[in-house]
Amino acid sequence: MPIDLLPAVMVGISAYLTAIIGGLAGYGTGLLMPIALVPIIGASATVPVLAVSGLFNNATRLAVFRDRVEWQRVVPLTLAAIPACFVGALLFTLLSGRQVALLLGLTLMIMVPLRRWLSGRKLNVGPVGVLALGALYGLVTGGTPGGGVVLIAALVAIGLPAHAVVATDAAISLVVGLVKVMTFQALGELPGSAWVLALVVGAISIPGVMTARWLG
């Protein structure tokens with residue numbers, strides 16, 4: 001997937017700016033980066049590329065905010081999300097390019113109002129409810145780049161302190177993201193050119209996350 005110089009520069013700027021947003025809010029990268037990538041590489045290639053670049057973003061956020069992680073929430077949410085993420089990624093590979101574009105569009109339209117609706121509510125959930133939230137996040141993030149909105153809303157709704165949300169999200173998203181990348185790789189969705197672009201976008205996101213830490 002060769003990219004001309006100007007589009008490449010725009011993708012780099014977008015990766016840096018969205019990493020700042022993600023570092024401050026805990027979400028946003030997966031919703032904003034498709035706007036920059038889809039016109040250049042197509043909808044079908046965008047989700048696998050963002051899956052790889054997201055590992056850089058989440059690993060950096062975890063390293064920078066590691067002292068804020070609520071580890072007791074990480075384990076159950078992650079264990080519930082992993083199998084659901086595999087299913088979501090598998091279903092994604094069955095879609096045509098046009099269907100993927102429709103899916104990304106619906107994700108953009110649904111996730112933001114959903115996050116607003118959830119953010120104003122406190123959910124009184126027990127262990128089963130926590131597992132259900134983790135499974136929902138895993139399924140959404142397996143097939144779309146917008147699952148972070150679901151996870152952030154879930155962490156807020158179950159009562160995590162504001163300072164812990166971004167860090168806990170990063171820890172969960174890193175593990176689940178690895179599952180997603182391995183699934184896409186095994187199913188042939190990550191050719192060499194996609195890896196190159198994803199690594200570049202991911203590398204650019206690192207200073208963006210560090211800037212977010214400085215701003216926060």
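Throughout, residue positions are numbered sequentially from 1 according to the sequence presented.
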Asker: Using the side-chain contact (heavy atoms from CB on, under 4.5 Å) criterion, which residues pair with Thr168? Sequence neighbours excluded.
Answerer: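 Once residues adjacent in sequence are excluded, the partners of Thr168 under the side-chain contact (heavy atoms from CB on, under 4.5 Å) criterion are Val69, Glu70, Arg73, Val74, Leu155, Leu160, Ala164, Ile172.
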
Asker: Hey, is the main chain of Ala63 close enough, under 3.5 Å, to the side chain of Arg66 for a donor-acceptor pair?
Answerer: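 Yes, because the side chain of Arg66 sits within donor-acceptor range (under 3.5 Å) of the backbone of Ala63.
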
Asker: Just grab all the ring-ring contact (aromatic ring centres under 6.0 Å, His included) pairs involving residues 167-191, residues at least two apart or on different chains.
Answerer: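 For residues 167-191, and leaving out neighbouring residues, the ring-ring contact (aromatic ring centres under 6.0 Å, His included) pairs sorted by first residue read Phe92-Phe184.
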
Asker: Under the side chain to side chain donor-acceptor pair (under 3.5 Å) rule, collect the residues that match up with Glu189, sequence neighbours excluded.
Answerer: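 Residues passing side chain to side chain donor-acceptor pair (under 3.5 Å) with Glu189: none at all.
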
Asker: Are Leu178 and Leu190 connected into the same hydrophobic cluster when the rule is that any two of I, L, V, M, F, W, Y join if their side-chain heavy atoms are below 4.5 Å apart?
Answerer: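 Yes; tracing contacts between hydrophobic side chains, which count when under 4.5 Å, links both residues.
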
Asker: What's the separation between atom CG in Leu174 and atom CZ in Phe56, rounded to the nearest 0.5 Å?
Answerer: 11.5 Å

Asker: Say you draw a straight line from CG of Leu199 to CG of Leu55; how long is it, rounded to the nearest 0.5 Å?
Answerer: 9.5 Å

Asker: How long is the gap from CG on Leu104 to CG on Leu95, to the nearest 0.5 Å?
Answerer: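 The CG atom of Leu104 sits 9.5 Å away from the CG atom of Leu95.
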
Asker: With a 3.5 Å distance limit and no angle check, can you tell me whether Asn58 reaches the backbone of Gly54 through a side-chain donor-acceptor pair?
Answerer: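 Yes.
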
Asker: Report, one line per pair, each donor and acceptor closer than 3.5 Å where one atom sits in a side chain of residues 40-53; sequence neighbours left out.
Answerer:
residue : atom : partner : partner atom : Å
Thr46   : OG1  : Gly42   : O            : 2.7
Ser53   : OG   : Val49   : O            : 3.3
Ser53   : OG   : Leu50   : O            : 3.3

Asker: What pairs of residues pass the ring-ring contact (aromatic ring centres under 6.0 Å, His included) test when at least one of them lies in residues 185-208, not counting sequence neighbours?
Answerer: none

Asker: In the hydrophobic clustering that connects Ile, Leu, Val, Met, Phe, Trp and Tyr at side-chain heavy-atom distances below 4.5 Å, which members other than Val75 occupy its cluster, ordered by chain and number?
Answerer: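 Besides Val75, the hydrophobic cluster comprises Leu79, listed by chain and residue number.
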
Asker: To check you understand the geometry: which heavy-atom pair defines the closest contact between Ala15 and Val201, and what is its length?
Answerer: CB-CG1, 3.8 Å

Asker: Please list all pairs passing the side-chain hydrogen bond (donor to acceptor under 3.5 Å, both in side chains) test where one or both residues lie in residues 83-99, with sequence neighbours left out.
Answerer: Ser96-Gln99

Asker: Could you list the donor-acceptor pairs under 3.5 angstrom formed between side-chain atoms of residues 126-144 and any protein atom two or more places apart in sequence or on another chain?
Answerer:
residue : atom : partner : partner atom : Å
Tyr137  : OH   : Ser173  : OG           : 3.2
Thr144  : OG1  : Val140  : O            : 2.8
Thr144  : OG1  : Gly146  : N            : 3.3

Asker: Does Val87 belong to the same Ile/Leu/Val/Met/Phe/Trp/Tyr cluster as Leu94, with side-chain heavy atoms less than 4.5 Å apart forming each link?
Answerer: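 Looking at the clustering, Leu94 is in the same group as Val87.
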
Asker: Given side chains that start at C-beta, do those of Tyr16 and Pro207 come closer than 4.5 Å, heavy atoms only?
Answerer: yes

Asker: Rounded to the nearest 0.5 Å, what's the gap from CD1 on Ile13 to OG1 on Thr18? Could you check?
Answerer: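 Going from the CD1 atom of Ile13 to the OG1 atom of Thr18 covers 11.5 Å.
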
Asker: For Ser14, which residues count as a side-chain contact (heavy atoms from CB on, under 4.5 Å) partner, sequence neighbours excluded?
Answerer: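 In terms of side-chain contact (heavy atoms from CB on, under 4.5 Å), with neighbours along the sequence ignored, Ser14 is linked to Met33, Ala36.
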
Asker: Excluding sequence neighbours, so at least two apart, what forms side-chain contact (heavy atoms from CB on, under 4.5 Å) with Leu102?
Answerer: Leu106

